[in-house]
Undergrad: 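Right, I'll just put the structure down here and ask away after.
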Amino acid sequence: MTKQTKQETSNCSNSQLFERIAQDLQTKGYSINPSALPLDLAGSLSTHIQQLAANKFNPAGIGRKQAHKLSDVVRSDKICWITDETTVGGDWLNWTSELQQFLNRRLFMGLFSFESHFAHYAPGDFYKKHLDAFKGDANRVLSLVVYLNHNWSEEDGGELVMYVDEHDETGFKVNPYLGTVVIFLSEEFPHAVLPSIRDRYSIAGWFRVNTSNTKHVDPPR
Ligand code: OGA
Ligand code: MN
């Protein structure tokens with residue numbers, strides 16, 4: 001297959017996925033898509049994250065800037081921010097950029113930037129119920145999570161629990177299967193990660209709107 005044909009094929013399947021995501025966001029505010037990340041991208045990200053040296057991962061912080069502190073009471077995963085310095089990082093950022101452009105055209109979301117990190121949850125690691133953004137602090141608008149686990153089974157645990165609003169106490173579970181793409185409005189949906197019995201790999205990312213004005217230039221992170 002020539003490069004051109006491959007590109008066209010992947011754009012075609014992407015646009016079906018992106019359209020489904022747009023419709024879900026309009027109707028429900030979240031979208032769960034099993035086996036949705038292009039298979040070659042999911043495979044190379046999965047290989048890459050497992051080969052990343054342990055010293056590239058850092059304990060994840062909670063909150064931003066001055067509020068930034070480590071808290072293994074809330075979460076115990078380790079993260080590594082993604083850049084386009086590696087081929088696979090670049091491929092991932094191209095894919096998320098296509099999604100960003102699609103959603104901006106389709107839903108006029110005004111998404112301005114994107115940041116994402118690899119996450120490794122060792123057996124027993126967790127992330128307690130939380131929101132990715134708070135109302136009034138509205139620059140993280142859309143959360144994106146993809147899973148990178150081959151041969152994951154239900155008994156391995158590590159589910160994402162999504163709560164449909166602040167009154168929902170039960171929520172529903174999403175298994176972290178390779179290629180599942182989860183996307184939701186960052187301010188609207190509390191969610192949590194349950195402990196797993198295996199190493200659990202994922203990417204978490206956020207699309208932001210631009211809150212810069214003349215007195216304040218928004219930092220990239
Ligand atoms: C996060 C997060 C969910 C997951 O990193 O903020 O909620 O399933 N991740 O990894
Ligand atoms: Mn989260």
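We count ligands from 1, going down the list as the structure has it; atoms in each ligand are counted the same way. These numbers come from a predicted model, not from an experiment.
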Undergrad: Taking 4.0 angstrom as the limit and counting only heavy atoms of Trp206, give me the atoms of ligand 1 inside it, by number and element.
TA: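 Close to Trp206: 6 (O).
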Undergrad: Can you find a non-hydrogen atom of Phe189 under 4.0 Å from ligand 1?
TA: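 In this structure, Phe189 fails to qualify as a contact of ligand 1 - no heavy atom is under 4.0 Å.
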Undergrad: Show me which atoms of ligand 1 lie under 4.0 Å from any heavy atom of Arg200.
TA: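 Ligand 1 atoms under the 4.0 Å threshold to Arg200: 4 (C), 8 (O), 10 (O).
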Undergrad: If you count the atoms of ligand 1 from 1 in the order shown, which ones are under 4.0 Å from a heavy atom of Val145?
TA: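 Counting from 1, the qualifying ligand atoms are 4 (C), 8 (O), 10 (O).
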Undergrad: Could you see which bit of Glu159 sits under 4.0 Å from ligand 1, with heavy atoms only: side chain, backbone, both or neither?
TA: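 It is neither part, as no heavy atom is under 4.0 Å.
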Undergrad: For Tyr30 and Phe189, take the angle between the two ring planes, folded into 0 to 90°, and tell me which bin it lands in: parallel under 30, tilted 30 to 60, perpendicular over 60.
TA: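 Perpendicular: the ring planes of Tyr30 and Phe189 meet at over 60°.
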Undergrad: Less than 2.8 Å from the Mn ion (ligand 2) is the window; count the protein N, O or S atoms in it.
TA: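 N, O or S atoms of the protein closer than 2.8 Å: 3.
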Undergrad: Within this structure, what is the CG-OG distance for the pair Asn175 and Ser153, rounded to the nearest 0.5 Å?
TA: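 Going from the CG atom of Asn175 to the OG atom of Ser153 covers 8.5 Å.
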Undergrad: Does the side chain of Ser97 pick up a donor-acceptor pair with the side chain of Gln101 at under 3.5 Å?
TA: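 Indeed, the side chains of Ser97 and Gln101 share at least one donor-acceptor pair under 3.5 Å.
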Undergrad: With clusters defined by side-chain heavy atoms of hydrophobic residues (ILVMFWY) lying less than 4.5 Å apart, directly or transitively, does Ile203 cluster with Phe18?
TA: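 Linked, Phe18 and Ile203 end up in one cluster.
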Undergrad: Flag yes if Leu37 and Val174 sit in one hydrophobic cluster, no otherwise; membership is Ile, Leu, Val, Met, Phe, Trp, Tyr, and two members link when side-chain heavy atoms are under 4.5 Å apart.
TA: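 The answer is yes; both residues are in one hydrophobic cluster.
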Undergrad: Between Asn14 and Trp95, do the side chains contain a donor N or O and an acceptor N or O under 3.5 Å apart?
TA: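 Yes - a donor-acceptor pair under 3.5 Å links their side chains.
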Undergrad: What is the nearest protein non-hydrogen atom to atom 3 (C) of ligand 1, stated with its residue, atom name and distance?
TA: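 Going atom by atom, the protein heavy atom closest to atom 3 (C) of ligand 1 ends up being Val193 CG2, 3.5 Å.
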Undergrad: Should Glu115 and Arg140 count as an ion pair when the cut-off is N to O under 4.0 Å?
TA: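 A salt bridge is present here (some side-chain N lies under 4.0 Å from a carboxylate O).
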Undergrad: Is Ser202 close enough to touch ligand 1? Criterion: a residue heavy atom under 4.0 Å from a ligand atom.
TA: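 True for this residue.
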Undergrad: In the protein, what heavy atom is nearest to atom 1 (C) of ligand 1, and what distance, to one decimal place, separates them?
TA: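 The closest heavy atom on the protein side is Tyr127 CE1, 3.7 Å.
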Undergrad: Taking CD1 in Ile197 as the centre, count heavy atoms belonging to other residues, nucleotides or ligands within less than 6.0 Å. Is the count above 12?
TA: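 Yes - once you tally the heavy atoms of other residues, nucleotides and ligands closer than 6.0 Å, there are more than 12.
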Undergrad: Less than 3.5 Å between some nitrogen or oxygen of Asp132 and one of ligand 1, yes or no?
TA: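 Between Asp132 and ligand 1, an N or O pair is found under 3.5 Å apart.
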Undergrad: Considering non-hydrogen atoms of the protein only, which is the closest contact for atom 5 (O) of ligand 1, and what is the distance?
TA: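 Nearest protein contact, heavy atoms only, for atom 5 (O) of ligand 1 is Ala204 CB, 3.5 Å.
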Undergrad: Can a donor-acceptor pair be found between the side chains of His191 and Asp132 at a distance below 3.5 Å?
TA: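 Yes, Asp132 and His191 have a side-chain donor paired with an acceptor closer than 3.5 Å.
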Undergrad: For atom 8 (O) of ligand 1, what's the nearest protein heavy-atom neighbour? Residue, atom name and distance, please.
TA: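 Result: Tyr147 OH, 2.6 Å.
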Undergrad: Going by the atom numbers of ligand 1, which of them fall below 4.0 Å from some non-hydrogen atom of Leu160?
TA: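 Result: 3 (C), 8 (O).
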Undergrad: So how far is it from Asn104 CG to Leu111 CG, rounded to the nearest 0.5 Å?
TA: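 With rounding to 0.5 Å, CG (Asn104) is 4.5 Å from CG (Leu111).
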Undergrad: Give a yes-or-no answer on whether the side chains of Ser116 and Trp92 include a donor-acceptor pair shorter than 3.5 Å.
TA: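 Distance-only check passes for Ser116 and Trp92.
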Undergrad: Tell me whether the guanidinium CZ or amine NZ of Arg200 lies under 6.0 angstrom from the six-membered ring centre of Tyr121 and within 45° of its axis.
TA: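 Yes, Arg200 lies over the aromatic ring of Tyr121.
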